[in-house]
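To start, the structure itself, in structure tokens.
All values reported here derive from a predicted model rather than from experimental measurement.
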Amino acid sequence: MHPELVGQSWTGSGGRLRPVGAGPFTLAALAAALLPVRPAWLWAALIALAAAAPWLIGALRPRRPEPQWRLSEAGLELTRPDGEIITRYERERIEELAVTAADGRLTVFHKFGRTSVGELARMGFEPLAFYVTARRLGLPMRILDGDADGPPDGSLIPDDLSGPDHPAEQRLMAQEAELLAAVHEPRILPEERREPARLAAPPPSPGRGRVAAFGALVAALGALMIARIAVSDPAGPDPVARLAAGGWALPALLTLFATHRRLLAERPVRWTITSGRIVVHGRRTGRGLRVHAADIAAVAVGPGVRVDPVTGEPGPCPLAVLAFDHRMGLLARLPAHDLEEFQLVHALHERGYRVITPGARAPRPSAYGLDGLPDVFAQVPGGRLVVTDDGLGWADAGGDVVLRMPQDRLGGVELLTIAGQAWLRLYDSDGDEFFAAPLSALRISRTDLRETARRAGLPVTDAEYDAYLSAAFHGAVEAISAPATEAGDDGPDPDPADAPGVLLDATRRSRVGTYALSVALCEVVAAVAALWLGDSLGGPLLTAAWAAPAGLLIGLFGNWVYDRNRDQLRVSPAGISVVTRRGRVAWDLARAAVGGVGIDDSVERVPRLVVWSPAGRVLRQVSFPPDLDELRRACERFGLPWGPPDADRPAAPPEL
């Protein structure tokens, strides 16, 4: 039986009533309320018909199943629900598969080049399930940084580099190894009979009942006010009454649709875990999704994919559970959104299930991080990196140097922090990087390597240590020189805007989008105002003739006023700060208080650019999106750690 993996997609209406075209019909109801229709009952009927049309269409035309991606022996295919193939990448034509670590984009490498297929989560695939299935089909798969450009010849990796070179790929290989061991090991049931574990997501605030009552109340109030206006003037309401009716219809419909979306998005998930089965009640599970323990070899708990209950599109979620059978096939996808991961994994483990998590720390062998170097690095047990008189060396447990890297080969030695851990990078005489590994794998401390290498005359660069030392020196000088100032004249505080560093502005694409959005909103306001007040100002068309250009000018001028004093991000050896174009400091963080700078993906929202403390707490959020590549280079240049600090090993200031 050949392995097959089908991506998640919207497979049916799920028994729910959904409105179709809520936005257009809301505008239609508003337009019907403003029209001078007579008599009043016909005017009210038009408003009611426009308000009820989305629900009627949703009842008559339920959502049809969406196309699904499928990875099988035939290749990677996008198929319709009736089996018709929309897109196909044949198995025999695929040479390699690659997924970029930053955005999860899948790239297919073939004989004549490469093809970017799309984001793995948007295709409905979980990284672990896709990785395991691809390996079972014999398709090489790699996790890469950047945009998967690779060497000019089209291959993914050089021939002399073996093994995974990315931490994400190492985690996937470790999870695959655990899954393979779980498949071949018999399941041992717990001796004691435990009570069923019942887990549920915390209730939202405010609760679903109060949200539904509020939405129904606002909708009923709007309907009653429109009916009162129609009854008060059977011949037809005057312009002021029509304007009031539109003011009641618009918020009533918007509140009703917003309430419906929130009730769908906050539908709770409930789990019942016993030694014999797992039952999940929640989104798109009907009466309950049941999976018997005898069919489960292992369950993988971690980030996954879920179908958005509102839009019907798959996307990433922070927590999901994958149940694998005894043939390493995906048995079931169990929704676990909003559950507590700690309680979930322990409840599964205590009831006899084999749990696989990406966060589990596996013992690191002596060859960890030494891929691409001579095999002697991995063959010497207890080996460690040492500084010799003429360069660097690898010493065994007895202290004898068994491998040397002469000084004339070393063009540079760089120390930096990656994901909260100290790393070493070595460059040759041409400036090309030929080795990178964490110092924990090399069994040498950052301070010992920096000091001994500098005493030996090696070109060592430790930007974080130099920045920290510079900040400490300036702080000591200021403390000494402070009493020498005259009484009552403390002098101005140092301005972060004047500190040496790099200014990073919002991207051109973001600024153009802000201009376009401002102009569009002003034009919408001008059009609505022309419809409402056109009768009093000479007619809707005449009013729109001068309101549209006025809205364009107001939108451009207003955004120009904001743009000329927008925030900019400054990265310097003293730390990181946000300053306006006129020099006002919005906030400032010293180097010692910064534990990491990067993208925060830990919450279900648009990824945020944040600054962490050494303990992993979010200190500041950057409201505008600068160029991330330039920001990363600036952080590495001025000694600020790039990436979130390790939760288990906080990124403290460099060792002194």
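Taking CG of L424 as the start and CG of L415 as the end, the distance is 6.0 Å to the nearest 0.5 Å. The line from CZ of R114 to CG of L97 is 13.5 Å long, rounded to the nearest 0.5 Å. Atom CG of L348 sits about 11.5 Å away from atom OG1 of T357, to the nearest 0.5 Å. To the nearest 0.5 Å, the span separating CZ on F324 from CD1 on I356 amounts to 7.5 Å. Taking CG from L172 and CZ from F130, the interatomic distance works out to 11.5 Å, rounded to the nearest 0.5 Å. Note: C635 SG to E630 CD = 12.0 Å, rounded to the nearest 0.5 Å.
Here the shortest heavy-atom pairing between V387 and A456 reads CG1-CB, 4.0 Å. Closest heavy-atom contact between P335 and V269: O-CG1, 3.4 Å. The two residues L439 and S445 make their nearest non-hydrogen contact at CD1-C, 4.3 Å. Heavy atoms only, all atoms of each residue included: A336 and L344 are closest at CB-CD2, 4.0 Å. Between P641 and G595, the shortest heavy-atom distance links the atoms CG-O, 3.4 Å. Here the shortest heavy-atom pairing between P303 and P358 reads CD-CG, 4.1 Å.
Looking only at side-chain heavy atoms (C-beta outward), F125 and T133 stay at 4.5 Å or farther from each other. The shortest distance between side-chain heavy atoms of E340 and L199 does not fall below 4.5 Å. The shortest distance between side-chain heavy atoms of V301 and Y353 does not fall below 4.5 Å. Side chains of V321 and W271 form a contact here, defined as non-hydrogen atoms less than 4.5 Å apart. For the pair V578/R620, no side-chain contact is recorded, criterion being any heavy-atom separation below 4.5 Å from C-beta on. Proximity of L426 to V413: side-chain heavy atoms (C-beta onward) are separated by under 4.5 Å at one or more points. Residues L128 and L179 are not in side-chain contact: their nearest non-hydrogen atoms beyond the backbone lie 4.5 Å or more apart. At least one side-chain heavy atom of R333 sits less than 4.5 Å from a side-chain heavy atom of L322.
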**Request:** Take V132 and R135, measure what side chain to side chain contact (heavy atoms under 4.5 Å, CB included) needs, and give me the verdict at the end.
**Result:** CA-CA 5 Å; V132 171; R135 301 255 293 185; 5.9 Å; no
**Request:** Decide side chain to side chain contact (heavy atoms under 4.5 Å, CB included) for V299 and L334; before the verdict, give the C-alpha distance in whole Å, the side-chain angles of both, and the deciding distance to 0.1 Å.
**Result:** CA-CA 10 Å; V299 290; L334 306 177; 5.5 Å; no
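Judged by distance alone, the side chain of T461 and the main-chain N or O of E414 form no donor-acceptor pair under 3.5 Å. Judged purely by atom type and a 3.5 angstrom limit, Q8 uses its side chain to pair as donor or acceptor with the backbone of V305. Not one N or O on the side chain of R171 forms a donor-acceptor pair closer than 3.5 Å with the backbone of A174.
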